[in-house]
S.K.: 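Quick one: the structure is below, and I'll ask about it shortly.
The model shown is predicted, which means the values in this text are computed figures rather than measured ones.
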Amino acid sequence: MHETSIAEMLCDIALEEAKKYSISRVSSLTVQIGEMAAVVPEALKFAFSIISQGTPLEGAQLNIEIVPIVAWCSQCNEPFEVENFSFKCPGCGMVSDRYLSGQELLLVSIEGKKEGN
């Protein structure tokens with residue numbers, strides 16, 4: 001269950017950013033996770049809820065946006081969305097080994113209250 005280590009890194013980064021912007025209580029975080037990142041959202045949310053206890057992140061909502069796999073067809077010279085992990089171009093049938101998205105694991109935003117507010 002690598003979601004625990006991901007949740008630990010997520011908490012570390014979010015706490016660092018909260019400190020940088022004087023946020024005393026974080027209300028929500030949004031992360032983007034690519035379909036190929038092999039992360040189980042429910043397991044990540046569970047690990048986050050445990051690891052964030054006793055920190056300014058405790059009780060924060062963890063929003064997860066799943067990023068689809070997009071591949072590039074060098075024959076058609078166009079991107080296409082990969083469905084069911086089939087990397088065959090829907091236009092020409094050529095199998096692509098080049099993808100443009102789908103491995104993301106990004107903290108894209110945090111929201112909360114600033115100190116003194």
S.K.: Provide the closest heavy-atom pair for Val67 versus Gln32 in the form atom of the first, atom of the second, distance.
M.R.: CG2-CB, 3.8 Å
S.K.: Restricting to non-hydrogen atoms, name the atom on Ala38 and the atom on His2 that form the minimum distance, rounded to 0.1 Å.
M.R.: O-NE2, 2.7 Å
S.K.: Looking at Phe46, is its backbone amide N or carbonyl O close enough to the side chain of Ser49 to form a donor-acceptor pair, meaning the two atoms are under 3.5 Å apart?
M.R.: yes
S.K.: Mind listing the closest non-hydrogen atom pair of Met36 and Ile69 along with its distance?
M.R.: CG-CD1, 3.3 Å
S.K.: I'd like to know if the side chain of Ser101 and the backbone of Pro68 have a donor-acceptor N/O pair within less than 3.5 Å.
M.R.: yes
S.K.: Quick one: closest heavy-atom pair of Trp72 and Ser96, and the distance?
M.R.: O-OG, 2.6 Å
S.K.: Supply the atom-to-atom distance Leu29 CG to Cys11 SG, rounded to the nearest 0.5 angstrom.
M.R.: 7.5 Å
S.K.: Please report the interatomic distance CD1(Ile50) to CD(Glu8), rounded to the nearest 0.5 Å.
M.R.: 12.0 Å
S.K.: Tell me, do Pro41 and Ile33 make a side-chain contact under 4.5 Å, heavy atoms counted?
M.R.: no
S.K.: Assigning hydrophobic clusters by single linkage (Ile, Leu, Val, Met, Phe, Trp, Tyr; side-chain heavy-atom cutoff under 4.5 Å), is Phe48 placed with Ile51?
M.R.: no
S.K.: Do Glu16 and Lys19 sit within salt-bridge range, that is, some charged N less than 4.0 Å from a carboxylate O?
M.R.: no
S.K.: Quick check on Asp97: does its CG atom have over 12 non-hydrogen neighbours (other residues, nucleotides or ligands) under 6.0 Å away?
M.R.: no
S.K.: Where the side chain of Glu104 meets the backbone of Gly102, is there a donor-acceptor pair that is under 3.5 Å apart?
M.R.: yes
S.K.: Flag yes if more than 12 heavy atoms outside Glu65 fall under 6.0 Å of its CD atom; otherwise flag no.
M.R.: yes
S.K.: In Å, rounded to the nearest 0.5 Å, how long is the span from CE of Met9 to CG of Leu107?
M.R.: 11.5 Å
S.K.: Before you tell me yes or no, could you show the steps for Lys45 and Glu42 under salt bridge (charged side-chain N to carboxylate O under 4.0 Å, His left out), namely the whole-Å CA-CA distance, both residues' side-chain angles and the distance that decides it to 0.1 Å?
M.R.: CA-CA 5 Å; Lys45 285 183 177 185; Glu42 294 79 19; over 6 Å; no
S.K.: Checking side-chain contact (heavy atoms from CB on, under 4.5 Å) between Val39 and each of Leu44, Ile66, Ile64, which is the one that passes?
M.R.: Leu44
S.K.: Quick check: is Ile23 connected to Val31 through a chain of hydrophobic side chains (ILVMFWY, heavy atoms under 4.5 Å apart)?
M.R.: yes
S.K.: If you compare all heavy atoms of Ile110 against all heavy atoms of Ala18, which two are closest, and at what distance to 0.1 Å?
M.R.: CD1-N, 3.8 Å
S.K.: Considering all heavy atoms of both residues, which atom of Met94 and which atom of Ser74 are nearest to each other, and what is their separation?
M.R.: CE-OG, 3.6 Å
S.K.: If hydrophobic clusters are built from ILVMFWY residues whose side chains come within less than 4.5 Å, do Ile6 and Val26 share one?
M.R.: yes
S.K.: Using a 6.0 Å cut-off, check whether atom CZ of Phe87 has over 12 heavy atoms from anything other than its own residue.
M.R.: yes
S.K.: Residues sharing Leu106's hydrophobic cluster, by side-chain heavy-atom contacts under 4.5 Å among ILVMFWY, directly or via others?
M.R.: Val108
S.K.: Any donor-acceptor pair under 3.5 Å linking the side chain of Ser27 with the backbone of Glu111?
M.R.: yes
S.K.: Determine whether the side chains of Gln53 and Glu58 contain a donor N or O and an acceptor N or O closer than 3.5 Å.
M.R.: no
S.K.: Could you grab the distance from atom OG of Ser52 to atom CG of Leu10, nearest 0.5 Å is fine?
M.R.: 9.5 Å
